[in-house]
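Everything below concerns the one structure shown next.
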Amino acid sequence: MFSSPLLIIFIVFALASWLVSSQLKRRFKQYSKTALPSGLSGREVAEKMLRDNGITNVAVNSVGGQLSDHYNPANRTVNLSPEVYGGRNVAAAAVAAHECGHAIQHARAYTPLKLRSALVPLQNVSARILNAIFIAMFFGAFLLPQVISFDAALLVIIACYGIFTAFAFITLPVEIDATQRALAWLNTSGITGGRSHQEAKDALRWAAYTYVVAALSALATLLYYVMLFLGRRD
């Protein structure tokens, strides 16, 4: 199941992911030097955006890690990395507002977000199944036929990557919509404007590119296994 085409796919998308991640970190560092006229911290920006949208049941927390910011729909929390939580700059405001965009999606029952949440358990199960198959392959090809035929294993892998791909592509509109909500609010609230607003837009655009690369990587891997399966049936 491992071959030169699959290795090429892995290398190409690993390189693309590294390049996008590097650009994202560079821009975050660059735009962290642009102070907000209001002097608000990322936490204060998040709290204000939530209040302005009538959301009072979402807490804003600080979590460890770099660019570890996320919204947790399970406990309704906006979780910001230390640089964003305490940062009083364009980059911190943009990231904080983006995560609040997800909280607003949750409050408004945004359909793509509901679909993505529904796929999370399936994705977790798929990951465990794939790990079991690849571990069997690692310890010896003779182990796999004792449990499942090669063609059946391919079908399982295709199903798992089908779920990964669906999750990745459903994530795209979720992230894009959260960014649009964030940028619209940052502009209308006066948090950013002119050059600072363009910097916020650029930072969030590069963040979105990480999800585009992940989606294309999942699709490319899925197509590889589909073609491998079809080739064996010719």
Side-chain angles (χ1 to χ4, degrees), residues 21 23-118 120 170-211:
S21 178
Q23 287 296 318
L24 175 60
K25 290 178 181 178
R26 186 176 73 82
R27 279 166 168 75
F28 184 87
K29 182 178 180 180
Q30 177 185 347
Y31 301 148
S32 293
K33 298 176 182 178
T34 303
L36 290 176
S38 64
L40 295 177
S41 67
R43 174 183 63 82
E44 293 167 331
V45 168
E47 290 174 344
K48 176 174 173 54
M49 184 172 176
L50 293 172
R51 286 197 307 271
D52 287 354
N53 284 274
I55 298 175
T56 59
N57 60 344
V58 172
V60 180
N61 301 326
S62 178
V63 295
Q66 184 181 30
L67 297 179
S68 55
D69 313 272
H70 64 282
Y71 171 69
N72 187 339
N75 59 10
R76 294 182 180 272
T77 57
V78 170
N79 302 281
L80 305 177
S81 59
E83 301 94 331
V84 173
Y85 189 85
R88 301 177 184 275
N89 51 69
V90 168
V95 173
H98 174 86
E99 298 309 330
C100 287
H102 290 308
I104 295 170
Q105 289 173 338
H106 190 189
R108 307 289 189 267
Y110 182 60
T111 300
L113 180 64
K114 292 168 63 178
L115 290 174
R116 186 175 73 170
S117 297
V120 169
I170 289 173
T171 293
L172 293 180
V174 172
E175 296 300 327
I176 292 171
D177 179 78
T179 287
Q180 291 174 340
R181 292 175 190 267
L183 291 173
W185 178 82
L186 287 171
N187 188 44
T188 58
S189 65
I191 300 296
T192 59
R195 176 189 169 189
S196 64
H197 192 70
Q198 291 304 315
E199 290 182 350
K201 183 183 295 186
D202 188 51
L204 293 180
R205 180 171 63 245
W206 278 96
Y209 288 159
T210 63
Y211 296 100

task = Carefully, step by step, assess Val84 and Phe28 under the rule side chain to side chain contact (heavy atoms under 4.5 Å, CB included).
result = CA-CA 10 Å; Val84 173; Phe28 184 87; 3.9 Å; yes

ask   = Passes side chain to side chain contact (heavy atoms under 4.5 Å, CB included), Tyr85 versus Asp69? Steps please.
value = CA-CA 9 Å; Tyr85 189 85; Asp69 313 272; over 6 Å; no

ask   = Can you check side-chain hydrogen bond (donor to acceptor under 3.5 Å, both in side chains) on Gln198 and Arg195, steps first, answer last?
value = CA-CA 5 Å; Gln198 291 304 315; Arg195 176 189 169 189; over 6 Å; no

request  = Apply side chain to side chain contact (heavy atoms under 4.5 Å, CB included) to Val90 and Leu36, showing your working.
outcome  = CA-CA 6 Å; Val90 168; Leu36 290 176; 4.2 Å; yes

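Residue pairs meeting the ring pair (Phe, Tyr, Trp, His ring centres under 6.0 Å) criterion with at least one member in residues 33-68: none, sequence neighbours excluded. Among pairs with a residue in residues 49-83, those fulfilling ring pair (Phe, Tyr, Trp, His ring centres under 6.0 Å) read Tyr71-His106, at least two apart in sequence or across chains.
Here the CD-NE2 distance, from Gln180 to His98, works out to 11.0 Å after rounding to the nearest 0.5 Å. Distance check, rounded to the nearest 0.5 Å: CD of Glu83 to OG of Ser62 gives 9.0 Å. To the nearest 0.5 Å, atom CD of residue Glu44 and atom NZ of residue Lys48 are 11.0 Å apart. Note: Leu183 CG to Thr188 OG1 = 10.5 Å, rounded to the nearest 0.5 Å. Atom OG1 in Thr171 sits 4.5 Å away from atom CZ in Arg116 (nearest 0.5 Å). His197 contributes atom NE2, which lies 4.5 Å from atom CG of Asn187 (distance to the nearest 0.5 angstrom).
The minimum heavy-atom distance linking Ala207 with Leu24 is given by the pair N-CD1, 3.7 Å. In terms of heavy atoms, Val78 sits closest to Ala103 at CG2-CB, 4.3 Å. Of all non-hydrogen atoms in Pro82 and Gly65, the two that sit nearest each other are CD-O, 3.4 Å. Leu204 approaches Ala94 most closely through the heavy-atom pair CD2-O, 3.7 Å. Considering all non-hydrogen atoms of both residues, Leu186 and Ser189 come closest at O-OG, 3.4 Å. Scanning both residues, Ala93 and Ile191, for their nearest heavy atoms gives CB-CG2, 4.2 Å.
In this model, no donor atom of one side chain and acceptor atom of the other lie less than 3.5 Å apart for Asn89 and Thr34. Between the side chains of Gln30 and Arg27, no donor-acceptor pair is found at a separation under 3.5 Å.
In this structure, the side chain of Arg88 engages the main chain of Gly39 through a donor-acceptor pair within 3.5 Å. In this structure a side-chain-to-backbone donor-acceptor pair under 3.5 Å is present from Asn53 to Met49. Between the side chain of Ser196 and the main chain of Thr192, no donor-acceptor pair closer than 3.5 Å is present.
In terms of the side chain to side chain contact (heavy atoms under 4.5 Å, CB included) criterion, residue partners of Gln105 (sequence neighbours excluded) are, by chain and number, His102, Tyr110, Leu113, Val174, Asp177, Ala178, Arg181. Residues satisfying the side-chain hydrogen bond (donor to acceptor under 3.5 Å, both in side chains) criterion with Arg43, sequence neighbours excluded, are Glu47. The salt bridge (charged side-chain N to carboxylate O under 4.0 Å, His left out) check on Arg51 picks up nothing, with sequence neighbours excluded. In this structure, Arg108 has no salt bridge (charged side-chain N to carboxylate O under 4.0 Å, His left out) partners at least two apart in sequence or on a different chain.
Trp185 places a side-chain heavy atom less than 4.5 Å from the side chain of Val45.
Checked for salt-bridge contact, Lys33 and Glu199 miss the test: no charged N lies under 4.0 Å from a carboxylate O.
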